[in-house]
Protein chains: 2
Amino acid sequence: MEKPKDKPEVEVSDAALRDLVGYNMKRAFNVVQADLARTLEPFGLRMLTFSALSMIVENPGLRPSQLAGALSVERANVVVYVDQLEEAGWVTRAPSETDRRAYALQCTLAGRQVYDKARAAVRAHDRRMLDGLREVEIAAVKKALMRIEGLG
Amino acid sequence: MEKPKDKPEVEVSDAALRDLVGYNMKRAFNVVQADLARTLEPFGLRMLTFSALSMIVENPGLRPSQLAGALSVERANVVVYVDQLEEAGWVTRAPSETDRRAYALQCTLAGRQVYDKARAAVRAHDRRMLDGLREVEIAAVKKALMRIEGLG
DNA sequence: CTTGGGTAGTTATGAAATATAACTAATGAG
DNA sequence: CTCATTAGTTATATTTCATAACTACCCAAG
């Protein structure tokens, strides 16, 4: 049997995987995720705490279980996000008027201020990620992504 | 001060996040990842072990450190993937001819067979994810994803 | 040849994200 | 009132991924 040669200098090919949109999506998303984390870090936010804060700003009085549904995460994990946002003084847990088990999540003035700044930074990050793409291409990407999401 | 109302029945809006391509990408990728995991599970493969196997099939004699670079993961994690592939009898660690520290990764006949079947299933999964999109749109998505990846 | 800095693979470990199970308190239908 | 269900929480397990340190080895300078 002939010995297997190793490839110390030759370029590694991933052509078979490149065919797959999922592979390209994972690699692109890794880049986006890393850049977004760097973008949010100065604000003391992470991807999911920023998303949660955004949801609370957009939907005042939102309840944790609704937040879990909107973010597609478990209720148990939402507790951690809200804890962090509450400790930072950006979100409050007000008692619900209609259900004594539930809370109405509200964002504070400080929360609104950090959100506005973080949102501007995130939008700049998003534009950076799309740099060099034409509007029609961006639209195609958004449409495709939302269609894919709808399959799940 | 007026009491905060909660929103027990109203639909939760994520419009601010929907503007961001990164948010749409994360949600779409979650769907893709879940479907891919279901697709690979019957073969005893996961996303990264399938990717590793594909790389080894495409690049016989590949070395673990090269595999780490190609997959953008740490060398230490590659050990785990190769361990799994080796235990399943799909990949062998042959001694390198040129460097006694290194291994030349080879896929076995059984490895090639499971790869061919898994690859067909993954390609079907990929087509399923793109169902309803036109060729031009798919091309735009691929181009955009590769461009975004190039920023990292 | 020898010596020292760097590299390949491995191991052990830690950090972070995410999921599961069980608990308390409250709701709401019958 | 009773009881199955739900909201929020807690504790815990799992998984993923990165870091540090180790051995064996390579290689180039002296």
Side-chain angles (χ1 to χ4, degrees), chain A residues 6-9 12 26-27 29-31 33-34 36-38 40-41 44-52 56 61-87 91-106, chain B residues 6-9 12 26-27 29-31 33-34 36-38 40-41 45-52 56 61-87 91-106 152:
Chain A
D6 54 344
K7 325 196 113 193
E9 71 277 350
V12 180
K26 176 176 171 52
R27 295 191 68 97
F29 182 62
N30 280 349
V31 172
Q33 201 170 25
L36 179 59
R38 277 191 298 272
L40 287 173
E41 194 272 331
L45 288 164
R46 294 174 301 121
M47 191 164 57
L48 276 166
T49 51
F50 172 78
S51 298
I56 295 168
L62 188 74
R63 286 159 24 168
S65 60
Q66 293 177 297
L67 186 52
L71 293 175
S72 302
V73 298
E74 294 300 315
R75 288 191 312 281
N77 298 323
V78 167
V79 177
V80 181
Y81 310 148
V82 176
D83 279 350
Q84 291 178 13
L85 293 171
E86 198 179 34
E87 280 171 33
V91 158
T92 60
R93 283 185 239 235
S96 164
E97 291 181 332
T98 57
D99 188 336
R100 280 191 293 166
R101 295 170 302 179
Y103 289 112
L105 298 174
Q106 292 281 128
Chain B
D6 55 343
K7 323 197 113 191
E9 70 278 348
V12 180
K26 175 176 171 53
R27 295 190 68 97
F29 183 62
N30 279 349
V31 172
Q33 200 170 26
L36 179 59
R38 276 191 298 273
L40 287 173
E41 193 271 331
L45 287 164
R46 295 175 301 121
M47 192 165 56
L48 276 166
T49 50
F50 171 78
S51 298
I56 295 168
L62 187 74
R63 287 161 19 168
S65 59
Q66 294 177 296
L67 184 53
L71 293 176
S72 302
V73 298
E74 294 301 314
R75 291 193 309 281
N77 298 323
V78 168
V79 177
V80 181
Y81 310 148
V82 176
D83 279 349
Q84 290 178 11
L85 293 171
E86 197 179 34
E87 279 170 34
V91 158
T92 59
R93 284 185 239 235
S96 165
E97 291 182 333
T98 57
D99 189 337
R100 279 189 295 164
R101 295 169 302 180
Y103 290 111
L105 299 174
Q106 293 280 128

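Numbered from 1 within each chain, the chains take letters A, B, ... in sequence-line order. Values below: all heavy atoms of this structure, side chains included; hydrogens, waters and symmetry mates excluded. None of the values given here were measured: they were computed from a predicted structure.
- The stretch residues 68-82 of chain B participates, sequence neighbours left out, in these side chain to side chain donor-acceptor pair (under 3.5 Å) pairs: A/R27-B/S72.
- Under the salt bridge (charged side-chain N to carboxylate O under 4.0 Å, His left out) criterion, B/R46 pairs with no residue at all, not counting sequence neighbours.
- Nucleotides of DNA chain C lying under 4.0 Å from heavy atoms of chain A occupy a range whose first and last members, 5' to 3', are C/dA17 to C/dT27.
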Write down the protein N/O and nucleotide N/O pairs, taken from nucleotides 22-26 of chain D, whose separation is under 3.5 Å; answer none if there are no such pairs.
| residue | atom | partner | partner atom | Å |
| --- | --- | --- | --- | --- |
| D/dC25 | O2 | B/R101 | NH1 | 3.3 |
| D/dC26 | OP1 | B/R100 | N | 3.0 |
| D/dC26 | OP2 | B/R100 | NH2 | 3.3 |

side-chain contact (heavy atoms from CB on, under 4.5 Å), that's the test. Do A/L85 and A/L45 meet it? Break it down for me. CA-CA 9 Å; A/L85 293 171; A/L45 288 164; 4.0 Å; yes
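- Where B/S72 and A/V82 meet DNA chain D, the nucleotide closest to each residue was compared, and A/V82 sits on the side nearer the 5' end.
- Every residue two or more places apart in sequence or in another chain that forms a side chain to side chain donor-acceptor pair (under 3.5 Å) with B/R101 is listed here: B/D99.
- Listed by chain and number, the residues in a side chain to side chain donor-acceptor pair (under 3.5 Å) with B/Q33 amount to none (sequence neighbours excluded).
- In this structure, the separation between CD on A/E86 and OG1 on A/T92 is 7.5 Å, given to the nearest 0.5 Å.
- For A/Y103, the ring-ring contact (aromatic ring centres under 6.0 Å, His included) criterion is met by no residue, not counting sequence neighbours.
- With rounding to the nearest 0.5 Å, the separation of CG in B/L36 from CD in B/E41 is 12.0 Å.
- The side-chain contact (heavy atoms from CB on, under 4.5 Å) search around A/V12 returns B/M55, B/N59, B/L62, B/Q66, B/A70, not counting sequence neighbours.
- Among residues two or more places apart in sequence or in another chain, the side chain to side chain donor-acceptor pair (under 3.5 Å) test is passed with B/N30 by none.
- Under 4.0 angstrom from either OP1 or OP2 of D/dT6 there lies no side-chain N or O belonging to A/S65.
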Please write out the pairs of protein N or O atoms and N or O atoms of nucleotides 10-17 of chain D separated by less than 3.5 Å, giving the distance to one decimal.
| residue | atom | partner | partner atom | Å |
| --- | --- | --- | --- | --- |
| D/dT16 | OP2 | B/R46 | NH1 | 3.3 |

